[in-house]
Amino acid sequence: MSRSDDARDSARSQQDAPVEPEEPVVVKETPLPWKQIAPLVAMRLAEPINLNLILPFMYKMIEGFDIADSPKDISHYSSILYMSFSISQTLTIMHWGRLSDRIGRRPVLIAGLIGILVVSVLFGFTKTFAMAVVVRMATGVFAGNGA
C-alpha cells in the first residue's frame, strides 16, 4: 500500500466518523462607557444642529435687518450668513487639534460646548447683519473642535 492510499483511507475514516456537536461559544458583551461617550455625542450633535438651526428663520431675520432691497438680495445675504459658520470652522479646526494635543481632548471639548452655548444665545440677540455674521463665525470657531 502506498502513502497516497493511506492518506485516502484516513480521510475517508474521518469523513465517516460521527460529528460531535460543538458547544456554542458565549460572547459576553461589554457595556458602553456612557459617561465617556456622552460628551462626544453632545459635541457631534451640537455642530450640525448649530449649522442648520438658522435656516427656518434666516430669511425673515435678514429681512428684519433692512439691508436688502429685494428677495434676491436677501438670498445673497443669507448665503453670506450661512457660509460664515463653515469658513470659520474650516480655518480653526487645525488649531483646535493642536490645542487638544497639548492640553488634552476633554478640556477642548468642554470649552467648545460652552462656547457654542454662549454664542448660540448671543446670536438670538443680534440686531445687525454684521453682528450676526461675527457671532455666526464665532459659532463656527467653537464648532471646529469636534473633528
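Quick note: numbers below take in every heavy atom, side chains included, and nothing from hydrogens, waters or symmetry partners.
- Residue pairs meeting the salt bridge (Lys or Arg N to Asp or Glu O under 4.0 Å) criterion with at least one partner in residues 26-40, sequence neighbours excluded, are absent.
- The side-chain contact (heavy atoms from CB on, under 4.5 Å) check on Ile103 picks up Leu99, Pro107, Val108, with sequence neighbours excluded.
- Taken together through direct or relayed side-chain contacts under 4.5 Å among Ile, Leu, Val, Met, Phe, Trp and Tyr, Val119 and Phe57 form part of one hydrophobic cluster.
- Note: Gln89 CD to Trp96 CH2 = 11.5 Å, rounded to the nearest 0.5 Å.
- When the side-chain contact (heavy atoms from CB on, under 4.5 Å) test is applied to Arg98, the partners found at least two apart in sequence or on another chain are Met94, His95.
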Can you list, pair by pair, the side-chain donor-acceptor contacts under 3.5 Å of residues 65-74, counting residues two or more places apart and other chains?
{"residue": "Ser70", "atom": "OG", "partner": "Lys72", "partner atom": "N", "Å": "3.4"}
{"residue": "Ser70", "atom": "OG", "partner": "Asp73", "partner atom": "N", "Å": "3.4"}
{"residue": "Asp73", "atom": "OD2", "partner": "Asp69", "partner atom": "N", "Å": "3.3"}

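- Residue pairs meeting the side chain to side chain donor-acceptor pair (under 3.5 Å) criterion with at least one member in residues 116-142, sequence neighbours excluded: Asn50-Ser120.
- Between Phe142 and Leu113 there is no side-chain heavy-atom pair separated by less than 4.5 Å.
- Residues that satisfy the side-chain hydrogen bond (donor to acceptor under 3.5 Å, both in side chains) test with Lys60, not counting sequence neighbours, are Glu63.
- Take Phe125 and apply the side-chain contact (heavy atoms from CB on, under 4.5 Å) test, not counting sequence neighbours, and it matches Val121.
- The list of side chain to side chain donor-acceptor pair (under 3.5 Å) pairs with a residue in residues 106-118, not counting sequence neighbours, is empty.
- A single hydrophobic cluster is not seen to contain both Ile114 and Leu109; linkage of ILVMFWY side chains at heavy-atom distances under 4.5 Å, directly or through other members, places them apart.
- Linking ILVMFWY residues whenever their side-chain heavy atoms come closer than 4.5 Å, directly or via other members, leaves Ile116 and Val118 in distinct clusters.
- Taking each heavy atom of Ser88 and Val141 in turn, the nearest pair found is OG-N, 3.6 Å.
- For Tyr77, the ring pair (Phe, Tyr, Trp, His ring centres under 6.0 Å) criterion is met by Phe129, not counting sequence neighbours.
- The heavy-atom pair separating Phe123 from Ala132 by the smallest distance is CE1-O, 3.7 Å.
- Here the straight-line distance linking atom CZ of Arg44 with atom CD1 of Ile49 works out to 11.5 Å at 0.5 Å rounding.
- Not counting sequence neighbours, Ser84 has no partner by the side-chain hydrogen bond (donor to acceptor under 3.5 Å, both in side chains) test.
- Rounded to the nearest 0.5 Å, atoms CG (Leu40) and CG (Leu45) are 11.0 Å apart.
- Within the 4.5 Å cutoff, no side-chain heavy atoms of Met61 are placed close to those of Ile54.
- Residue Thr92 comes nearest to Gly144 through the heavy atom pair OG1-CA, 4.4 Å, listed as atom of the first residue, atom of the second, then distance.
- Taking Tyr59 as the reference, nothing meets the side-chain hydrogen bond (donor to acceptor under 3.5 Å, both in side chains) condition, with sequence neighbours excluded.
- Under a hydrophobic-cluster definition in which Ile, Leu, Val, Met, Phe, Trp and Tyr are linked whenever side-chain heavy atoms come within less than 4.5 Å, directly or via other members, Ile80 and Leu55 are assigned to the same cluster.
- Taking hydrophobic clusters as Ile, Leu, Val, Met, Phe, Trp and Tyr residues chained together by side-chain heavy-atom distances below 4.5 Å, Ile62 does not share a cluster with Val134.
- Residues forming a side-chain contact (heavy atoms from CB on, under 4.5 Å) with Ile87 (at least two apart in sequence, or on another chain): Met83, Leu91.
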